[in-house]
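This report refers to the structure that appears directly beneath it.
In this text, all values refer to a predicted model and were calculated from it rather than measured experimentally.
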Amino acid sequence: MNLEKTHNKKRYIKKTLKVLAYSFLGILLFVYLLIALINTSFFQSLLASKLSDYFSKEWGTELRISAVNINIFDRVELFDVYLEDRKGDTILFSESVKVKLKGLPSAKGINISNVNIKNTDFKLEIQNSELNFGFILDYFKSDKPKDKKKDKVDFVVKVDRIKMDNMKFSLRLKDNLTKYPEDLVALNNMRFRDIYADIRDIIVIGDSINLSFKNFKAKEHSSFEVKNIEGNFLVSSKEIRAEKAKIITANSILNFSVKMNTTSWKTYSSFIDSVYCEGEIEKGSIAGMKDATYWAETIRGFHQKAEIEGKFSGKVNDLKFEDFVLSSGNFTKVKAKGSIIGLPSPENTVYDIIAEEITTSYKEYKSMRLGELLSNLPIPEMVDKLGKINFTGSIEGLISNFNAKGNLITDIGELSINGASIPQGGETGYKLKLISENFDVSTLFELEWVNTKNLDIDAFVVGNSLDNLSAELKGGFGNLNLMGNIYDTIFVNAQMLNKEIDANFLINDNSLKMDGIATVNLEDNVKLYLESRISGANPKEMNLFSFHDSTTTFSTQLIADIKDINPKTLAGNIELKNLRFDMEEGYHIIENLDAELSYN
């Protein structure tokens with residue numbers, strides 16, 4: 001009896017195990033057949049069609065997916081994805097989107113190993129502050145009232161790596177009808193192509209995206225080209241942050257960190273006057289100014305490269321900077337701090353700059369590729385005589401209408417400057433207050449016969465060369481060397497036009513007291529016409545001629561007509577009226593004396 005019970009029990013267990021084994025095999029077979037079915041082109045096409053139809057109806061637009069490849073464990077791949085907006089315009093076309101999962105999604109989020117996007121064209125449009133794919137964002141918003149009692153847990157998306165291969169992206173602001181030239185970046189219709197990217201460690205929480213660029217390159221329709229972007233970035237509706245970032249373009253290499261604050265996504269559409277920036281450009285960065293010409297027509301032709309570094313804060317149209325250093329050319333250097341208000345329109349931009357150092361030269365400046373705006377600044381050619389210059393001081397105002405003050409050190413002496421540029425119709429005038437104790441005026445004006453190292457003058461100059469220079473000058477010259485004699489002080493009130501100077505002057509010196517009027521013609525042979533009253537003149541100290549009595553002086557009325565004032569080619573006539581010589585033994589008077597001058 002017991003043996004029979006034992007036997008029945010064993011037979012029951014055996015049958016149970018057999019049933020379980022067949023059931024398990026059945027499940028495995030079902031799963032195998034299901035996987036095989038899923039991987040058939042028929043099923044993939046059917047699934048793609050069903051997904052397309054479903055979301056086309058849900059979104060009220062057209063979505064097409066030609067095929068879906070699914071590995072039920074870790075991979076989804078979509079082929080030939082096409083999406084339109086509700087106006088029938090294309091939003092997206094992608095030849096292939098491949099997603100590999102690290103695990104199944106949960107209510108807390110999803111972990112993705114990598115995403116590969118290939119041959120994709122994405123068109124973003126904004127009109128009336130609405131995105132062209134805003135209906136999709138609205139579709140996934142929950143209509144359920146929020147439970148205030150429960151703490152909200154954000155859905156987190158983590159992606160180890162995203163690769164983009166041959167992608168296109170365009171951003172069109174349809175409310176902005178501005179027309180841009182073909183060689184400029186159209187801010188209302190930016191079009192990028194040939195986008196290749198390798199992006200790592202992506203984390204999406206709410207509307208905040210953290211990511212790390214390992215490689216990114218793209219070309220804009222204008223020919224502006226980004227060769228690479230590296231660094232860690234945070235992007236959200238409230239801010240963009242970049243840390244230890246690098247941008248390499250066809251012309252520049254910029255190492256930087258920056259933070260941009262905004263109020264919403266819409267703020268980015270008016271970036272220049274709405275986004276507050278704060279950041280630093282690190283030492284060793286190279287700025288190719290040609291990159292800037294793709295964004296602002298007024299600096300067309302500005303192709304100079306420079307090493308730059310510095311800190312900045314503010315909006316693009318209201319920018320402050322400090323510790324700014326720019327080096328370019330052979331020795332040009334600018335070290336400054338201050339503010340710039342009005343970009344990206346340089347001609348309407350107000351500069352308020354403290355120049356801790358500006359070093360350059362006229363030749364260096366003219367050799368730079370600064371475009372039409374800066375290359376055509378009316379800087380007189382005679383500035384070349386200054387050689388290498390170093391300026392410290394301040395500059396404020398427009399590029400064509402500014403005030404400047406400071407100290408200028410040149411190869412021919414030092415000057416204390418207080419000046420301004422003032423528009424004069426179609427030209428620019430320069431108002432200057434110049435003070436110096438060691439500035440070589442003769443070298444600046446190429447006047448070998450006259451020199452001074454001490455001056456205190458007020459001047460107003462219009463023109464950029466001697467041929468078209470007009471000027472007014474008032475002031476005093478101290479220690480003036482005139483034909484070998486040094487005079488203590490000469491006071492001058494002069495005007496210059498068409499290479500001709502008309503002046504009133506006063507000389508008050510131990511060797512000469514003289515006042516009068518003079519006209520100087522600055523042609524190839526400098527001409528002088530002069531009418532003057534002279535008293536207490538010592539001819540020996542004036543290097544004119546000498547008597548045996550070195551104390552002899554004379555007084556007279558002088559009329560001089562000199563055809564060539566250069567001492568080496570001197571030629572002209574002098575008329576002396578009521579010439580009186582005072583000597584030890586008495587005086588002598590000559591009522592009229594005419595003399596012809598020539599160099600021998």
Side-chain angles (χ1 to χ4, degrees), residues 181-185 192 194 213 215-231 242 244-258 272 277 279-312 316 319 321-338 340 342-347 349 351 353 355-377 379 383-384 387-391 395 399:
E182 284 293 307
D183 59 348
L184 256 65
V185 176
F192 289 91
D194 298 335
F213 278 91
N215 183 40
F216 181 94
K217 60 182 180 178
K219 296 177 181 178
E220 212 278 330
H221 179 78
S222 62
S223 296
F224 173 70
E225 182 178 359
V226 177
K227 289 186 171 292
N228 195 20
I229 297 178
E230 300 176 6
K244 298 180 180 179
K246 175 187 285 190
I247 291 181
I248 301 175
T249 72
N251 306 287
S252 306
I253 302 175
L254 299 178
N255 300 290
F256 66 96
S257 296
V258 66
I272 291 174
C277 306
E280 178 178 4
I281 300 174
E282 297 176 6
K283 187 176 182 178
S285 295
I286 298 174
M289 301 306 173
K290 184 177 180 180
D291 288 336
T293 66
Y294 290 110
W295 303 83
E297 186 175 13
T298 52
I299 56 175
R300 190 184 296 275
F302 199 161
H303 294 172
Q304 189 67 21
K305 288 189 177 183
E307 291 188 18
I308 62 171
E309 61 179 284
K311 300 175 183 178
F312 58 90
V316 173
L319 198 62
F321 62 93
E322 60 182 343
D323 300 330
F324 176 80
V325 180
L326 179 149
S327 302
S328 188
N330 295 318
F331 55 81
T332 294
K333 183 177 181 180
V334 177
K335 186 177 180 182
K337 61 182 179 180
I340 302 174
L343 290 174
S345 175
E347 70 275 16
T349 295
Y351 301 86
I353 298 172
E356 297 170 331
E357 176 187 354
I358 298 178
T359 301
T360 190
S361 71
Y362 180 83
K363 284 188 173 67
E364 177 96 334
Y365 176 83
K366 283 296 184 180
S367 70
M368 295 182 179
R369 297 175 294 170
L370 301 178
E372 296 180 4
L373 180 66
L374 295 180
S375 295
N376 294 330
L377 281 178
I379 299 176
V383 174
D384 187 30
K388 187 175 181 179
I389 65 174
N390 181 281
F391 176 79
I395 302 171
I399 200 168

| Interatomic distance, Phe213 atom CZ to Ile247 atom CD1 [nearest 0.5 angstrom] | 9.5 Å
| note | Closest non-hydrogen atoms of Tyr294 and Ser222, given as atom of the first, atom of the second and distance, are CE2-O, 3.4 Å
| query | Is the backbone of Phe216 close enough, under 3.5 Å, to the side chain of Asn228 for a donor and an acceptor to pair up by distance? | reply | yes
| task | Might you point out which heavy atoms bring Phe331 and Thr360 nearest each other, and give the distance in Å? | result | CE1-C, 3.6 Å
| How far does CD1 of Ile340 sit from OG1 of Thr349, to the nearest 0.5 angstrom? | 7.5 Å
| remark: Correct closest heavy-atom pair for Ile308 and Ala287 would be CD1-CB, 3.7 Å
| task | Give a yes or no answer on whether the side chain of Glu364 reaches the backbone of Asn330 with a donor-acceptor pair at less than 3.5 Å. | result | yes
| field | Expected output: side-chain Thr359 to main-chain Asn390 donor-acceptor under 3.5 Å | value | no
| Nearest-0.5 Å distance that lies between atom CD in Glu225 and atom CG in Asp291 | 10.0 Å
| Ile353 and Phe321: CA distance, side-chain angles, deciding distance, side-chain contact (heavy atoms from CB on, under 4.5 Å) verdict | CA-CA 9 Å; Ile353 298 172; Phe321 62 93; 4.1 Å; yes
| query | Can you check whether Lys333's main-chain N or O pairs, donor with acceptor, with Ser327's side chain at less than 3.5 Å? | reply | no
| Salt-bridged, Asp384 to Lys363, with N to O below 4.0 Å? | yes
| task | Specify the closest pair of heavy atoms between Ser361 and Lys388, including all atoms of both residues, with the distance to one decimal. | result | CB-CA, 4.2 Å
| message | Testing the basics here: between Lys305 and Ser328, what is the closest heavy-atom pair and its distance to 0.1 Å? | response | O-OG, 2.7 Å
| Spatial distance of atom CD1 (Ile281) from atom CD (Glu309) [nearest 0.5 Å] | 10.0 Å
| said: Set out, in order, the CA-CA distance, both residues' side-chain angles and the distance that settles side-chain contact (heavy atoms from CB on, under 4.5 Å) for Glu182 and His221, then state yes or no. | reply: CA-CA 8 Å; Glu182 284 293 307; His221 179 78; 2.8 Å; yes
| remark: Smallest heavy-atom separation, Lys217 atom then Lys227 atom, equals CB-O, 3.3 Å
| note | Here the gap from Tyr351 atom OH to Leu319 atom CG, rounded to the nearest 0.5 Å, amounts to 11.0 Å
| Does some side-chain heavy atom of Phe256 sit less than 4.5 Å from a side-chain heavy atom of Ser285? | no
| request: To the nearest 0.5 Å, tell me how far Ser367 OG sits from Tyr362 OH. | output: 11.5 Å
| message | Assess the residue pair Ile358 and Ile395 against the criterion (side-chain contact (heavy atoms from CB on, under 4.5 Å)); give the C-alpha distance rounded to whole Å, side-chain angles, the decisive distance to 0.1 Å, and a yes or no. | response | CA-CA 11 Å; Ile358 298 178; Ile395 302 171; 4.3 Å; yes
